[in-house]
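First up is the structure itself, then whatever we jot down about it.
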Amino acid sequence: MRLKHLAIAGFRNLGAIRIEPGSRFNLLYGLNAQGKTNLLEAIYLLGSPRSFRNARLPELIRHGERIAQVQGEVESGGVLSRIRLTLEQAGRRVEIDGKGIQRASDLHGRLNAVVFSPDDTAMVRLGPEARRRYLDRAVYMGDIGYLHCWHGYHRILKQRNHLLKSADRSGLDSWTEQLAGAGAEVIERRQRYVALLNVRLQRHYATISGNGENAGIGYCPEGVQATERAGIRADLLELFARHGRSDERYGTTTAGPHRDDLAFCLDERPLKAFGSQGQQKSFVLALKMAEMDNLQAIFGEPPLLLLDDMSSELDAARNGNLMEFLSQRNTQVFITTTGRSPALTRAATHCAVFRVEDGNLTFEGNESHE
Ligand code: ATP
Ligand code: MG
């Protein structure tokens, strides 16, 4: 996939921007708070229903403006399409080749991008919510049906919680049954994704770390042992029954896939508690490589890589590993840094360089390192 042209107006602190990115490496450099991450966020939003920063819609619109627009020309499978995103306080609109789309999922697979930002490394040490959000986003990228069933589950959850808060709880059993059905679908899709990702993660981690440690992610939904839909549903019904009293006491659904965590492990020990900083960084890098390979296997071409502010996260050795990985794949990469020439782009044969200053972008030419 390639982003061939990008136009932005009214998005965060960015001015009116029109650029033609390079087909392989793009460096966006500039001082702090100039708009580098905002640019990656705009690119990401062309292919995803949610920002990787989990921003709410009004935050994306430039202060004092009513409307923000991001437009991209994307080449995928040899076909060129135009994606236009319009953000207003009331909602977002997406047009593909001039025609409005009806469902968020119509955007699926149009512009796949994997983000690797300091937040991803931090995710190892944070609470379950950060990892669950990561999981949900990653599953959706490769599985068009996931968004629909995730929304379905949360709709039912809201209804059930509403009932738990009210005095009259008639109909609760029916909502519980529905929740178990929808939850089983969410869990099954997450399990399938994690199994796929694990094989790739292990391989990449072994290459990066150069030793025999076994890297893995574990998804163990609370109360669920089964791995197919009907069994998961039965397990969930039992889980909800066990939590019935506390659900009623707290007026909310206290267990279920909306509370699940994702475990990152080295040799089956939790990375959060036992992994060194270096091991944690290598793990997340391997995870991102696995994500990219997974999307390439599903869509037949590699996703974009949006590498935000990685100079602090990647040392020389990990830089080398990532470069080796990228040089074997036909990936378009956007890298942001505060310095003009990070190690990663010095290793690239060609790199288009853009300076980011006060929300504006200046093309400074192509660097060649042959
Ligand atoms: P750093 O190197 O520190 O990560 P950055 O270049 O990535 O910096 P961004 O995160 O892109 O910086 O943010 C740049 C600026 O955009 C911030 O100062 C922020 O206050 C501003 N900003 C964010 N949202 C809006 C908005 N809706 N309207 C106007 N400005 C905004
Ligand atoms: Mg930034």
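When reading the values below, keep in mind they use all heavy atoms of this one structure, side chains included, and skip hydrogens, waters and symmetry mates. These figures come from a predicted structure and were not determined experimentally. When a ligand or atom number is given, it counts from 1 through the structure's own listing order. We're numbering straight along the sequence, starting at 1.
Contact check for M323 versus N319: no side-chain heavy atoms found under the 4.5 Å cut-off.
Using cut-offs of 30° and 60° on the angle between ring planes, the pair Y205 and F283 is tilted.
The aromatic ring centroids of F52 and Y44 lie less than 6.0 Å from each other.
Judged by distance alone, the side chain of K288 and the main-chain N or O of F116 form no donor-acceptor pair under 3.5 Å. In this structure, the side chain of S48 engages the main chain of R50 through a donor-acceptor pair within 3.5 Å. Although no hydrogens or angles enter the test, the distance criterion places no donor-acceptor pair under 3.5 Å between the side chain of T254 and the main chain of S246.
Contacts of ligand 1 (protein heavy-atom distance under 4.0 Å) are R12, N13, L31, N32, A33, Q34, G35, K36, T37, N38, R53, E59, I61, R62, H63.
Taking backbone and side chain together, T37 holds an N, O or S atom under 2.8 Å from the Mg ion (ligand 2).
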